[in-house]
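Both backbone and side-chain heavy atoms feed into the values below; hydrogens, waters and symmetry mates do not. A, B, ... follow the sequence lines: proteins, then strands. Residue 1 opens every chain.
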Amino acid sequence: MRTSQYILATLKETPSDAEIISHQLMLRAGMIRKLASGLYTWLPNGLKVLRKVEAIVRDEMNKAGAIEVLMPVMQPADLWEESGRWEQFGPELLRIKDRHDRPFALGPTHEEVITDLVRREISSYKQLPLNLYQVQTKVRDEVRPRFGVMRAREFLMKDAYSFHLNDECLAKTYQIMHTAYCNIFDRLGLDYRPVIADTGSIGGSVSHEFHVLAESGEDAIAFSDASDYAANIEKAEALAPAIERPAPAAQLERFETPNAKTIAELNEHYHIAPTQSVKTLIVYGNPDEHGKRGLVALILRGDHELNELKADKHPLVFAPLEMAKEEDIVNAIGALPGSLGPVGLAMPILVDRSAAVLADFVAGANENGVHYRGINWDRDVNNFDVVDLRNVVEGDPSPCGKGLLQIKRGIEVGHIFQLGSKYSEAMKAAVLGENGKNQTMTMGCYGVGVSRIVAAAIEQNNDKFGIIWPTSIAPFELAIVPMNMHKSHRIPAIAEDLYQSLKAQGIDVLFDDRKERPGVMFNDMELIGVPYTLVIGERNLDNNQVELKNRRTGEASLIDITQAVEIISKAIKGE
RNA sequence: CGGCGAUUAGCGCAGUUUGGUAGCGCACUAGUUUUGGGUACUAGGGGUCGCAGGUUCAAAUCCUGCAUCGCCGACCA
């Protein structure tokens, strides 16, 4: 490609609404432009990268035995009603009507469509297992689209769905997909971790997410420093402290705390360490026979955070988890949040493992502006359950039994699930088994956020000059930058000749034939992240040499023109 | 969904307090200049100042409503 016949579309200045580095660089490097909130046009530089990522994903899927299909974005509502997700999914599911006023959804995922396809097409166990995938645009009407294509309302996803006669077979394919995903992210040259994950709205039992490690990641992941245990923080178990609860030493004592509504204020004004106090969160419980929801108290050590997922899954807690409204709290307890505590609380009490080993601790007295000190479990509070409710923190022992937990931020770029029969049962997807009887299939599903990978790769590979692409997904593998070509007699022919020879080697070359100053060209090539730049200038031509620069290391070496094609091919293909 | 903020040329912004015929930098066009790291100069093109209504002799500027975009929050006990 020649820049004179291309849209480079680079920007000197950063558009003001781009917050994170990948979003800024994608705009500056001429990869994307915003159409509306969460909706982006892919310019040539961006699309080339997107297609290269897509090709790697596709290649590994094919190698893993999956078969490509393509399903519609627009899907009839009845399929979603059949699976029960028309009700469940919430406003993220973009619903539309056609001219006959019939309801449709724009697909945020394709379990319904694929299950419908397979139940029609597959009728015998002999056709299983089957793994189908597509690379397709997904639509999710995000509450808050942000960070460019990282969380967009329309994005490109590879989604695969596997069908099996039984769970053992599913587990086998799941493992194959796990390996295929590792291959994908290895080939992309990314620093990533597979982590144990929750199944969320997709459903199912076993699940792993693949995270690209980056400070800007929206998820926190916890992993052991001594084993390969890694989990999304929402899924990481907080083990019970290894210590015994000390015996009570202090008397229960009321004290006035007019200035303390938070743990921080309690610490600031009354010198009570957060680790020696507890916080009391009131949520809704399951409805009684009259349909009225009661309240449930969740007790955590002052310095700990509630893990909403853990609370949500407790049988006494109403799902989805919802913090009790202030008026409901006042009606039931007679005090406002900020002065709540477990002593004398007439509702089910769930105590986090770490809060349960405290003795002589501080909590609200269920009276505005009053706290108790010297509280002790069993002596002052009875009838409570000890459960795991909190988010793990750095330094906690790893649930795997080996090492301590570290916490890093990650960008979720892949997610695999063992779905089981959630969809196949609801949608009656069955095959005839060997015994001649109908048997419901069991399913797996496997997603890769193709467009998100592009942004995630930039988060991990950039410097002050711009993007540093891994060669496998760079928009171009090599840039030819001639110095003042239009003033030279020798350079045009040499540059043209090298351009043609390198192209013939199958190298993706960008020939910068603009009538621009060298600095402009260098800056553009560095910004868009081309891994190698070949500089052709009068200065070295007398020695029959050209200069090869490496974007990542910044190293430049002079090479002989006659050997240039060979050396460059080796450098690029050898990676 | 709640809070805050923004909206003036393709991009980044000033002008709004105090109403008086719309500006700067980058980008773009032409020319000169420069020539291995975003050269300099000259001359240009480009804007119904987000939209609708109102006040006024006069509105980017004041008032009302709406829209769009962004940020933060939705852990507060």
Problem - Distance between C1' atoms of rU16(B) and rA6(B) (Å, rounded) - result: 14 Å
Exercise for the section: Calculate the interatomic distance between Glu526(A) atom CD and rG36(B) atom P; express it in whole Å. Expected result: 17 Å
Problem - Sugar-phosphate, base or nothing in reach of Pro518(A), heavy atoms under 4.0 Å - result: sugar-phosphate
Practice task
Select base, sugar-phosphate, or nothing to describe what Gly364(A) touches, counting heavy atoms under 4.0 Å on all strands.
Solution key: nothing
Completion exercise
Asp463(A) meets the side chain to side chain donor-acceptor pair (under 3.5 Å) criterion, sequence neighbours left out, with Arg551(A)
Fill in the blank from the handout: From CD1 of Ile7(A) across to P of rA27(B) the rounded distance in Å is 19 Å
Handout entry: ring pair (Phe, Tyr, Trp, His ring centres under 6.0 Å) pairs, two or more places apart, involving residues 333-380 of chain A
Key = Phe361(A)-Trp377(A), Trp377(A)-Phe384(A)
Handout entry: Distance between C1' atoms of rU48(B) and rG44(B) (Å, rounded)
Key = 23 Å
Handout entry: Ser37(A) vs rG70(B): side-chain N/O to OP1/OP2 distance below 4.0 Å
Key = yes
Practice task
Applying salt bridge (Lys or Arg N to Asp or Glu O under 4.0 Å), name anything that partners Glu142(A), two or more places apart in sequence or on another chain.
Solution key: Arg151(A)
Exercise for the section: Give every residue pair that meets the salt bridge (Lys or Arg N to Asp or Glu O under 4.0 Å) criterion with at least one member in residues 27-44 of chain A, sequence neighbours excluded. Expected result: Asp17(A)-Lys34(A)
Practice task
Check the distance between rG70(B)'s C1' and Leu27(A)'s CG and give it to me in whole angstrom.
Solution key: 13 Å
Problem - For rU42(B), the Watson-Crick or wobble counterpart (both distances under 3.5 Å) - result: rA30(B)
Handout entry: Interatomic distance at C1', rC28(B) relative to rG12(B), whole Å
Key = 16 Å
Quick one: which protein N/O atoms are closer than 3.5 Å to N/O atoms of nucleotides 2-11 of chain B? Pair and distance per line, please.
unit_1, atom_1, unit_2, atom_2, d
rC11(B), O2, Glu13(A), OE1, 3.3

Handout entry: Side-chain-base donor-acceptor pair under 3.5 Å for Glu516(A) and rG38(B)
Key = no
Handout entry: All pairs passing salt bridge (Lys or Arg N to Asp or Glu O under 4.0 Å) where residues 266-280 of chain A contributes a residue, at least two apart
Key = none
Fill in the blank from the handout: Rounded to whole Å, CD of Glu142(A) lies from P of rC71(B) at a distance of 13 Å
Practice task
Measure from CZ on Phe522(A) to C1' on rG36(B) and round the result to the nearest Å.
Solution key: 6 Å
Handout entry: Between rC63(B) and rG70(B) - P atom distance, rounded Å
Key = 26 Å
Exercise for the section: Take atom CG of Asp512(A) and atom P of rG38(B), then tell me their distance rounded to the nearest Å. Expected result: 15 Å
Handout entry: Pairwise P distance, rG73(B) and rG38(B) [rounded to whole Å]
Key = 40 Å
Exercise for the section: Return the value, rounded to whole Å, for the distance between atom CD1 of Ile349(A) and atom P of rA77(B). Expected result: 19 Å
Exercise for the section: Would you kindly say whether Arg552(A) and Asn461(A) are connected by a side-chain donor-acceptor distance under 3.5 Å? Expected result: yes
Handout entry: Identity of whatever pairs with rU64(B) - Watson-Crick or G-U, under 3.5 angstrom
Key = rA52(B)
Practice task
Tell whether Asp17(A) reaches the base of rG12(B) with its side chain through a donor-acceptor pair below 3.5 angstrom.
Solution key: no
Exercise for the section: May I have the distance from Leu300(A) (atom CG) to rC76(B) (atom P), rounded to whole angstrom? Expected result: 13 Å
Exercise for the section: Give Asn368(A) one of three labels, base, sugar-phosphate or nothing, depending on what nucleic acid heavy atoms sit under 4.0 Å from its own. Expected result: nothing
Fill in the blank from the handout: Mate of rU17(B) across any strand shown (Watson-Crick or G-U wobble, both atom pairs under 3.5 Å) is none
Fill in the blank from the handout: In Watson-Crick or G-U wobble terms, with both distances under 3.5 Å, the base opposite rG2(B) is rC72(B)
Exercise for the section: Report yes or no: do Thr275(A) and Asp303(A) form a side-chain donor-acceptor pair below 3.5 Å? Expected result: no
Problem - P gap between rG23(B) and rG45(B), integer Å - result: 12 Å
Handout entry: Euclidean distance, Ile507(A) CD1 relative to Leu478(A) CG, rounded to 0.5 Å
Key = 6.5 Å
